[in-house]
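Letters A, B, ... are given to chains in the order of the sequence lines, protein chains preceding strands, and every chain is numbered from 1.
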Protein chains: 2
Amino acid sequence: MPRESAAKIYEVATRLFGDQSYPATSMRDISQAVGILPGSLYSHISGKEALLFSIVESGVTKYLEAVAPVAESPEPADVRLRAAIAAHVTVVAENIQLTLVAFHQWKYLEDANRRRVIDMRNAYEDMFTRIVQDGIDTGVFTTTHDARFSVLAVLGMLNWVPEWFSPNGKASTEEVAEALADVVLSGLMSPVPAAKGRKPRSR
Amino acid sequence: MPRESAAKIYEVATRLFGDQSYPATSMRDISQAVGILPGSLYSHISGKEALLFSIVESGVTKYLEAVAPVAESPEPADVRLRAAIAAHVTVVAENIQLTLVAFHQWKYLEDANRRRVIDMRNAYEDMFTRIVQDGIDTGVFTTTHDARFSVLAVLGMLNWVPEWFSPNGKASTEEVAEALADVVLSGLMSPVPAAKGRKPRSR
DNA sequence: CCTACCGATCGGTAGG
DNA sequence: CCTACCGATCGGTAGG
């Protein structure tokens with residue numbers, strides 16, 4: 001099973017890139033954590049840049065695949081935005097290290113690869129933009145500001161989650177998602193809507 | 001005027017650390033941009049780490065000094081939160097590169113210095129926490145969630161601003177601040193309040 | 001602020 | 001996957 005080694009390299013690199021950043025992680029750091037000698041890494045991967053790119057790409061892809069279906073559902077915009085936020089928070093919760101790399105370390109990619117990541121990130125942002133714009137067009141959202149600002153507010157909020165979310169913390173993924181969605185949808189000053197279509201879980 | 005050189009080194013390093021990150025910026029990069037030879041840097045600064053620390057510290061201090069007075073004013077919580085967001089956005093707008101370094105590159109500081117920065121950052125977050133908690137306690141904010149989540153949502157939104165804000169963009173600092181504050185205070189679905197105490201600028 | 005240099009470490013490779 | 005190594009670059013310094 002030759003692929004097992006490559007998989008271990010990806011796992012280790014994801015953790016180290018996330019903890020220490022890409023430029024501060026040496027190939028020797030990775031090889032040591034894997035348990036082989038530095039030169040031996042190159043039997044499994046082509047280089048440091050390619051390693052980073054494949055990690056970032058798989059991370060961003062997870063987000064695209066999780067949010068796309070809910071973003072494109074036929075529900076009203078507020079329901080879709082809430083579902084998109086929940087989907088995003090779920091991916092964060094299940095992939096914190098991968099998310100840290102995908103959201104911060106992609107900047108260290110060289111031109112061609114960085115461009116590809118930027119395109120994917122733009123596609124992700126566009127999903128949120130379409131939801132917000134649709135909400136404004138249909139009158140579900142009554143904000144008077146450009147959709148762009150609301151989207152950037154939401155994305156900032158979401159991009160910050162991996163910095164503080166702990167899977168072992170008091171708050172569950174669902175609670176975090178609901179709290180964040182409420183901030184965006186209702187604001188701090190509006191009564192939280194009585195959680196449409198959701199009721200205390202019955203067993 | 002011997003301090004002029006040191007000031008130029010700080011300016012150049014702020015730009016390079018912000019653009020390329022701390023570990024990806026070499027002392028040779030800095031010396032070249034300043035127009036001196038690498039070894040000559042050490043006549044003006046003690047080292048790379050100290051250079052980073054002084055930049056980060058001055059950046060975080062700007063935020064503390066700008067937000068502290070409005071956070072501690074006797075106004076109601078919603079007014080204070082709006083003013084704190086506006087103050088924050090103003091500092092971002094006037095110090096984008098410094099902000100990028102202060103918000104992202106501090107992680108590369110060694111233990112003692114990083115600890116000091118974390119303390120300052122916590123003090124900053126606490127200002128927002130006190131506003132939100134006070135708003136909840138006084139009934140100005142009606143959210144049913146823990147203040148912590150609202151604060152993290154706001155900080156995420158604010159921390160993301162330096163990534164997209166352009167001083168040359170269409171939106172003014174004031175418009176950006178108002179849009180972001182409205183997202184947090186009223187949410188997307190509530191009518192934007194008729195901008196208390198603010199009216200179309202008369203000349 | 002320059003000359004001249006240090007030891008350490010970097011990503012990566014040839015050959016097995 | 002190891003042995004053995006490459007040239008390049010790193011942060012920093014002694015002495016002027």
Proximal nucleotide (of [options]) relative to the [X] side chain:
| X | options | value |
| --- | --- | --- |
| Ser40(A) | dG11(C), dC1(D), dG11(D) | dC1(D) |
| Arg28(A) | dT3(D), dC1(D), dG12(C) | dG12(C) |
| Ser5(A) | dG11(C), dC1(D), dG12(D) | dC1(D) |
| His44(B) | dC1(C), dG11(D), dG11(C) | dC1(C) |

Separation of atom [atom1] in [X] from atom [atom2] in [N], rounded to whole Å:
| X | N | atom1 | atom2 | value |
| --- | --- | --- | --- | --- |
| Leu16(A) | dG11(C) | CG | P | 12 Å |
| Gln32(B) | dC10(D) | CD | C1' | 15 Å |
| Tyr108(B) | dG11(D) | OH | C1' | 17 Å |
| Ile30(A) | dC1(D) | CD1 | P | 15 Å |
| Leu37(A) | dG12(C) | CG | C1' | 14 Å |
| Leu41(A) | dC1(D) | CG | C1' | 10 Å |
| Met27(A) | dT9(D) | CE | P | 18 Å |
| Lys48(B) | dA8(C) | NZ | P | 19 Å |

Go through the side-chain N and O atoms of Thr25(A) and Gln20(A) and say whether any donor and acceptor fall under 3.5 Å apart.
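Side-chain D/A pair, Thr25(A) to Gln20(A): present.
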
Any residue meeting side chain to side chain donor-acceptor pair (under 3.5 Å) with Asn122(A), in chain and number order, not counting sequence neighbours:
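Checked Asn122(A) against side chain to side chain donor-acceptor pair (under 3.5 Å); zero matches.
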
Looking at Tyr42(A), I'd like to know whether one of its side-chain N or O atoms comes within less than 4.0 Å of OP1 or OP2 on dT13(C).
no

Would you say a side-chain N or O of Ser26(B) is under 4.0 Å from OP1 or OP2 of dT9(D)?
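No, outside the criterion.
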
Quick one: which residue pairs count as a salt bridge (Lys or Arg N to Asp or Glu O under 4.0 Å) with a foot in residues 151-163 of chain A, not counting sequence neighbours?
Glu163(A)-Lys107(B)

Per the salt bridge (Lys or Arg N to Asp or Glu O under 4.0 Å) rule, what does the pair list look like for residues 131-155 of chain A, sequence neighbours excluded?
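Listed by first then second residue: Arg80(A)-Asp134(A).
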
Quick check, are the ring centers of Phe17(B) and Tyr10(B) under 6.0 angstrom apart?
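No - the distance between ring centres of Phe17(B) and Tyr10(B) does not fall below the 6.0 Å cut-off.
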
Given that Thr25(A) and Pro38(B) both sit by DNA chain C, which one's nearest nucleotide is further toward the 5' end?
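Closest to the 5' end, via its nearest nucleotide, is Pro38(B).
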
Sugar-phosphate, base or nothing in reach of Ser31(B), heavy atoms under 4.0 Å
nothing

Give Gly39(A) one of three labels, base, sugar-phosphate or nothing, depending on what nucleic acid heavy atoms sit under 4.0 Å from its own.
base

With sequence neighbours excluded, what pairs up with Arg116(A) under the salt bridge (Lys or Arg N to Asp or Glu O under 4.0 Å) test?
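Scan of Arg116(A) (salt bridge (Lys or Arg N to Asp or Glu O under 4.0 Å), adjacent residues dropped) gives Glu57(A).
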
Using a 3.5 Å limit for the pairing distances, which stems of at least 3 consecutive Watson-Crick or G-U wobble pairs does DNA chain C take part in?
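Stem list for DNA chain C: C:1-16 with D:1-16.
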
Donor-acceptor pairs are to be reported for all side-chain atoms of residues 85-94 of chain A against protein atoms at under 3.5 Å, with residues two or more places apart or in another chain.
from, atom 1, to, atom 2, distance (Å)
His88(A), ND1, Tyr124(A), OH, 2.6
Thr90(A), OG1, Ala86(A), O, 2.8

When you measure only distances, ignoring hydrogens and angles, does the side chain of Ser43(A) come within 3.5 Å of the base of dC1(D) through a donor and an acceptor?
yes

Taking all atoms of both residues into account, what is the closest heavy-atom pair of Met127(A) and Ala71(A), and its distance?
CB-CB, 4.1 Å

